[in-house]
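What you see is a predicted model; the values in this text were computed from it and never measured. Only heavy atoms go into these numbers, but all of them, side chains included; no hydrogens, no water, no symmetry mates.
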Amino acid sequence: MSQTVVLKVGMSCEGCAGAVRRVLGKMDGVESYDIDMKEQKVTVIGNVQPDAVLQTVSKTGKKTAFWEAEAPPAEPENKTAETVVVA
């Protein structure tokens, strides 16, 4: 069953968007995705779990979180996204 997952991803350049494209292109279940650098918004459509998409995109090292308006209901302790800072 297809669903839509919307993430806010800190992308500052085409290279950032390219990293997100690479990980989504390899992810099982992804049917399509749209990257809006101006809005810092990544929309993924497919047979995917929201948490799995978040984890996959987080591996790029970009600040990643669920888009607030579209965030799936979660327990309060699960609200914070893990941020990986690469020095």
Side-chain angles (χ1 to χ4, degrees):
M1 181 178 109
S2 276
Q3 65 174 333
T4 303
V5 180
V6 184
L7 301 174
K8 184 171 182 66
V9 183
M11 298 172 287
S12 56
C13 64
E14 197 48 53
C16 297
V20 174
R21 268 189 210 98
R22 271 193 304 282
V23 296
L24 289 176
K26 292 180 191 164
M27 188 176 178
D28 286 340
V30 173
E31 292 166 15
S32 67
Y33 55 87
D34 179 65
I35 297 174
D36 184 336
M37 267 189 11
K38 189 167 76 83
E39 293 280 327
Q40 307 269 290
K41 188 174 189 175
V42 176
T43 306
V44 180
I45 298 170
N47 186 11
V48 290
Q49 293 299 317
D51 288 337
V53 176
L54 180 73
Q55 291 296 323
T56 298
V57 175
S58 293
K59 289 177 185 161
T60 62
K62 309 293 165 223
K63 184 171 167 47
T64 308
F66 288 115
W67 195 264
E68 283 309 313
E70 312 256 349
E75 314 309 313
E77 68 266 21
N78 294 341
K79 271 268 198 285
T80 55
E82 185 176 322
T83 303
V84 180
V85 178
V86 180

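- Atom NZ of Lys8 sits about 8.0 Å away from atom CD of Glu39, to the nearest 0.5 Å.
- The hydrophobic cluster containing Tyr33 does not contain Ile45, counting ILVMFWY residues as joined when their side-chain heavy atoms lie under 4.5 angstrom apart, directly or transitively.
- For Val23, the side-chain contact (heavy atoms from CB on, under 4.5 Å) partners are Thr56, Thr60, not counting sequence neighbours.
- Of all the heavy atoms in Lys62 and Gly10, the pair that sits closest is CD-O, 3.4 Å.
- Residues satisfying the side-chain contact (heavy atoms from CB on, under 4.5 Å) criterion with Arg22, sequence neighbours excluded, are Ala19.
- Annotation for Asn47 and Met1: closest pair OD1-O, 3.5 Å, computed over non-hydrogen atoms.
- Under the 4.5 Å side-chain criterion, counting only non-hydrogen atoms from C-beta, Trp67 is not in contact with Val5.
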Audit row: Val9, Lys63, side-chain contact (heavy atoms from CB on, under 4.5 Å) steps and yes/no: CA-CA 6 Å; Val9 183; Lys63 184 171 167 47; over 6 Å; no

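- At most 12 non-hydrogen atoms from other residues, nucleotides or ligands lie less than 6.0 angstrom from CD of Gln49.
- Pairs engaging residues 23-32 under the side chain to side chain donor-acceptor pair (under 3.5 Å) rule: Ser2-Glu31 [sequence neighbours left out].
- Thr43 is linked by a side-chain contact (heavy atoms from CB on, under 4.5 Å) to Thr4, Val6, Asp34, Lys41, counting only residues two or more places apart in sequence or in another chain.
- Atom CD of Gln40 is separated from atom CD1 of Ile35 by 11.5 Å, given to the nearest 0.5 angstrom.
- Contacts of Glu14 classified as side-chain hydrogen bond (donor to acceptor under 3.5 Å, both in side chains), with partners at least two apart in sequence or in another chain: Arg21.
- Met27 has its side chain within reach of Val48: a pair of non-hydrogen atoms, C-beta onward, lies under 4.5 Å apart.
- Nearest heavy-atom pair across Ala17 and Met37 is CB-SD, 3.6 Å.
- Contact record, Asp36 with Met11: O-CE, 4.1 Å, taken as the closest heavy-atom pair.
- Phe66 contributes atom CZ, which lies 4.5 Å from atom CG of Leu54 (distance to the nearest 0.5 angstrom).
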